[in-house]
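Read the structure below first, then the notes.
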Amino acid sequence: MTIETLDTRCCIAGGGPAGMVLGFLLARAGVDVLVLEKHADFLRDFRGDTIHPSTLEVMHELGLLEKFLAHPHSEVRQLEVKIGDETLQVADFSALPAHCRFVALMPQWDFLNFVAEEARRYPAFKLMMQAEVTGLTREGDRVTGVTARTPQGEITIAADLVVAADGRGSTVRQAAGFEVEDRGAPMDVLWLRLPKSAGDPGQVMGLIGAGRFFIMLDRGDYWQCAYVIPKGGIDAVRAKGLPAFQQSIVELAPHLQDRVGLLDDWDKIKLLTVKVDRLNEWAQPGVLCIGDAAHAMSPIGGVGVNLAVQDAIATANLLAAPLAQGAPTLAQLKAVQQRREFPTRATQRMQVTIQNRLITPMLASRNEAVHAPAALRLLLSLKSVRHFAARAVGLGVRPEHVHTPEAH
């Protein structure tokens with residue numbers, strides 16, 4: 001039973017990075033916007049926590065950088081990988097043409113809470129928590145709104161535009177019938193956290209051993225860790241037992257010997273099923289997909305959050321003015337895909353190449369002695385290569401800039 005019907009110019013499904021940034025930018029431009037988030041808060045662990053220089057540049061353009069960086073975070077100025085006993089520098093952010101020449105590591109819930117707080121300064125913004133989109137409403141072939149489930153009951157939101165920013169398992173995308181093209185991924189990731197000690201290494205470190213890949217992200221007083229396994233390999237890992245899993249971590253990161261015993265339950269180890277996919281068409285009359293709903297990214301480079309933010313900026317730049325007048329045309333919606341498709345495809349192409357040429361052979365390797373390939377060592381010895389890698393990770397392909405005005 002529908003208990004309420006609401007009206008808005010733009011209804012955004014999903015309060016992740018894409019949805020929150022788009023909601024903020026549209027409201028800042030004076031467009032009425034309603035963001036629906038199915039959870040009661042943003043406090044969920046093991047989400048993308050890397051805020052790249054491209055996103056920090058947007059904060060600068062909005063006049064919010066100093067305020068944003070006042071929140072607890074750590075800064076990564078180089079990326080390193082340890083292959084066997086050899087440590088190689090992969091990326092050096094020191095030469096980036098940006099105000100912030102580092103990657104900020106900040107819990108995603110702090111980032112989303114910050115954006116929500118800033119968005120609430122604008123009367124056109126509304127955020128509804130515990131509101132889960134359940135379906136779409138239509139008139140003919142045009143999407144005219146959504147239905148959503150709340151603690152009080154079912155509601156209907158009529159909107160000139162519905163934006164699917166509800167992630168790789170998007171309800172809106174499925175209800176609209178968008179077709180997804182799977183690009184393939186040879187791996188899954190086990191997320192876990194371990195306490196940090198004073199003598200631990202200070203940089204983000206990728207550790208590569210025989211058939212294993214372990215990543216450590218500095219979260220202040222603890223490490224957020226990613227243990228890469230072959231696609232669908234979780235049952236095999238669990239079958240060997242927790243002691244074997246703990247030992248495999250110690251073999252890559254001996255300094256964690258005194259802490260791996262804290263991983264005493266599989267519930268403390270979360271599976272991320274890696275997907276690399278994208279839509280052939282991002283828009284239909286009345287509905288647009290952005291972020292993971294339009295393209296799920298590999299965790300390689302940690303660029304997913306930042307591509308979602310870039311999508312949101314491009315969407316606001318292109319659609320704020322049309323939305324101020326009413327419902328955007330299909331051609332106007334497709335302009336978002338035309339703007340963002342090349343960066344998406346180029347980034348996924350790089351990720352798939354790394355997957356196929358590095359991750360897959362590494363996971364299949366059973367050699368006890370692991371060494372960095374000579375060609376990789378030679379490439380990473382070149383400063384220009386490290387700077388290129390930093391630009392690809394830090395700024396991405398064709399970074400977006402805020403062009404929407406601030407409504408007073």
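- Counted within 6.0 Å of CZ on R386, heavy atoms from surrounding residues, nucleotides or ligands total more than 12; the atom is thus considered enclosed.
- Within a 6.0 Å radius of CZ in R142, other residues, nucleotides and ligands contribute more than 12 heavy atoms.
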Please tabulate, one pair per line, all N/O donor-acceptor pairs under 3.5 Å involving side-chain atoms of residues 280-293, not counting sequence neighbours.
from	atom 1	to	atom 2	distance (Å)
W282	NE1	L279	O	3.4
Q284	NE2	A176	O	3.1

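- Just one of T273, I229, I269 meets the side-chain contact (heavy atoms from CB on, under 4.5 Å) condition when paired with I234; it is I229.
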Open item on the list: side-chain contact (heavy atoms from CB on, under 4.5 Å), that's the test. Do V305 and Q108 meet it? Break it down for me.
Closed with: CA-CA 9 Å; V305 170; Q108 191 176 119; 3.7 Å; yes
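- Contacts of A175 classified as side-chain contact (heavy atoms from CB on, under 4.5 Å), with partners at least two apart in sequence or in another chain: L136.
- A salt bridge links E75 with R77: the closest approach of a Lys/Arg side-chain nitrogen to an acidic carboxylate oxygen falls below 4.0 angstrom.
- Between G301 and V393, the shortest heavy-atom contact is O-CG1, 3.7 Å.
- Looking at E118 and R28, no side-chain N of the basic residue comes within less than 4.0 Å of a carboxylate O on the acidic one, giving no salt bridge.
- Atom CD of E181 has more than 12 heavy atoms from other residues, nucleotides or ligands within 6.0 Å.
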Open item on the list: Between D200 and R259, is the salt bridge (Lys or Arg N to Asp or Glu O under 4.0 Å) condition met? List the steps.
Closed with: CA-CA 12 Å; D200 289 346; R259 283 159 273 175; 2.7 Å; yes
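- A cation-pi arrangement is found for R193 relative to Y222, the charged atom lying closer than 6.0 Å to the ring centre and inside a 45° cone about the ring normal.
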TODO: Might you work through the salt bridge (Lys or Arg N to Asp or Glu O under 4.0 Å) test for R183 and D277, ending with a clear yes or no?
DONE: CA-CA 5 Å; R183 306 298 296 167; D277 63 32; over 6 Å; no
Task: side-chain hydrogen bond (donor to acceptor under 3.5 Å, both in side chains) assessment of T137 paired with T144 - done: CA-CA 5 Å; T137 59; T144 57; 3.1 Å; yes
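- A salt bridge does not link K196 with D221: every distance from a Lys NZ or Arg NE/NH1/NH2 to an Asp or Glu carboxylate oxygen is 4.0 Å or more.
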TODO: Step by step, work out the side-chain contact (heavy atoms from CB on, under 4.5 Å) result for K231 and V274.
DONE: CA-CA 8 Å; K231 170 65 67 177; V274 176; 4.2 Å; yes
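- Between Y227 and F213, the distance separating the two ring centers is not shorter than 6.0 angstrom.
- Summarising the geometry of R9 relative to A324, their closest heavy-atom pair is NH2-O, 3.5 Å, with the distance given to 0.1 Å.
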Open item on the list: Is there a salt bridge (Lys or Arg N to Asp or Glu O under 4.0 Å) between E341 and R345? Walk through the geometry before answering.
Closed with: CA-CA 6 Å; E341 187 166 32; R345 287 177 176 268; 3.2 Å; yes
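- Closest heavy-atom contact between L161 and L319: CD2-CD1, 3.9 Å.
- Side-chain atoms of Q348 and H295 include no donor-acceptor pair closer than 3.5 Å.
- In plain terms, the two heavy atoms of Q89 and Q78 that are nearest each other are NE2-CG, 3.4 Å.
- Side-chain N/O atoms of N306 and T55 include a donor and acceptor closer than 3.5 Å.
- Checking Q130 against H39 by side-chain atom types alone, no donor-acceptor pair falls below 3.5 Å.
- Contact of the I155 side chain with the M128 side chain is registered, since non-hydrogen atoms from C-beta on lie closer than 4.5 Å.
- Nearest approach of M216 to A253, heavy atoms of both residues: SD-CB, 4.4 Å.
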Task: Stepwise side-chain contact (heavy atoms from CB on, under 4.5 Å) test for D182 and K275 - done: CA-CA 8 Å; D182 188 1; K275 293 182 179 180; 5.8 Å; no
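- Checking F114, W109, F111 one by one against H71, the ring-ring contact (aromatic ring centres under 6.0 Å, His included) holds for a single residue, F114.
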TODO: Determine, stepwise, if the pair F68 / L56 fulfils side-chain contact (heavy atoms from CB on, under 4.5 Å).
DONE: CA-CA 9 Å; F68 179 69; L56 296 173; 3.6 Å; yes
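- Geometrically, K270 does not engage W191 in a cation-pi contact, judged by NZ or CZ lying under 6.0 Å from the ring centre and within 45° of the ring axis.
- No side-chain N or O of H255 forms a donor-acceptor pair with one of Q257 less than 3.5 Å apart.
- Taking both residues in full, the closest heavy atoms of A13 and V172 are given as CB-CG2, 3.7 Å, listed atom of the first, atom of the second, then distance.
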